[in-house]
Structure formats: C-alpha cells, structure tokens
Amino acid sequence: MNAGTAAALRWEDAADLGELREGEVRNVQVAGEHVLLVHLPGGEVRAYQRQCPHQKTLLADGDFDAEAGVLVCMGHLWEFDLRSGVSTNPAGCPLYAFPVEIAGDRVRVGVPQDGLQHYHRGQGARTPGMRRRHP
C-alpha cells in the first residue's frame, strides 16, 4: 500500500491465479476501482492503477518486458517498473499501488474505504534515448 494510507481495506477477488500467467498484465475492475494486475516472473502479483498518470492511456496495452519488470506505455513511451510502481522515465510519477494477497487460488486486492480516487496523475516529459517498444 502507498505510504501514509491508513484507510480500512475491503478485500475483493480480482482474478483466478491459475488464469493469470507469469509475465502477464491485465486490466480488471475491483469494487469500482480500475486496476492493473501484474504477475511477475517468480510468482509475485502486484496491483496498480490501470491508467498511465500522463494521459490516462491503458497500461495493459503497453509493452511489458517481464524479465526487466518494465512496462512502456503506448501513449508517449512513459516507463514504469512494475516490481515497485516507480516511474523510471520520467521520474517522479509513480503508480498508485493497491495491496494484494493470494487466498488459495484467488488474487485479492485491498480497496481502501476512504472515499477517495485511487489514481496518481503526473506531469513530466520523457527523457529521449530511453527504452523503446519492442518490434
């Protein structure tokens, strides 16, 4: 969960773990929240806001390098480390992270019950010469 968040959580089923392949990113809706699920190599599952903080492009439509853990947004090539949610280019525009738990064969996402929008917006310019989409 993001630092400073103290709201009570409601845990909701988001996906069947067996249907979420390692290296896959997927858009889901959980209790009214739009969420990007990420199944990292090695088995860890993360959940973030599903839209880029830049111009709300769907992140699951981007180019995900599972081994590096880096997703490149198709909109303007912004880059995010999906192991941590940190933006790598430009810096300073992290993704909102939802807590995740695995309960049996279900992926569950903790949705804060604070009445707020769980989405970070960011301004910035991509630094030229960084990662490019795979051919």
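All values below come from the heavy atoms of this structure, side chains included, with hydrogens, waters and symmetry mates left out. All residue numbers in this chain count up from 1 along the given sequence.
- In this structure, R26 contributes its side chain and V35 its backbone to no donor-acceptor pair below 3.5 Å.
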Kindly determine whether V111 and L9 satisfy side-chain contact (heavy atoms from CB on, under 4.5 Å), including the steps that lead there. CA-CA 5 Å; V111 178; L9 297 175; over 6 Å; no
Could you walk me through whether I102 and V45 pass the side-chain contact (heavy atoms from CB on, under 4.5 Å) test, one step at a time? CA-CA 8 Å; I102 306 300; V45 178; 4.1 Å; yes
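- With contacts defined as side-chain heavy-atom distances shorter than 4.5 Å, the pair E22/L40 does not qualify.
- Pairing each heavy atom of V25 with each of F64, the nearest pair is CG1-CD2, 3.7 Å.
- Between the CD atom of Q29 and the CZ atom of R50 there is a distance of 6.5 Å, given to the nearest 0.5 Å.
- Residues E79 and V72 have side chains in contact (heavy-atom distance under 4.5 Å, counting atoms from C-beta outward).
- Inter-residue side-chain proximity for H54 and C73 is flagged as unmet; no heavy-atom pair is nearer than 4.5 Å.
- Checked by atom type and distance alone, the side chain of R108 pairs as donor or acceptor with a backbone atom of W11 at under 3.5 Å.
- With values rounded to the nearest 0.5 angstrom, L82 atom CG is found 13.5 Å from H39 atom NE2.
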Step-by-step side-chain contact (heavy atoms from CB on, under 4.5 Å) determination, D16 to R106: CA-CA 5 Å; D16 181 337; R106 300 299 298 163; 3.3 Å; yes
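- Two residues are said to be in side-chain contact when any heavy atoms from C-beta on lie closer than 4.5 Å; L95 and L59 meet this criterion.
- No side-chain heavy atom of F98 sits under 4.5 Å from any side-chain heavy atom of V30.
- At least one donor-acceptor pair under 3.5 Å links the side chain of H120 to the backbone N or O of P94.
- The backbone N or O of Y96 lies less than 3.5 Å from a partner atom in the side chain of Q49, making a donor-acceptor pair.
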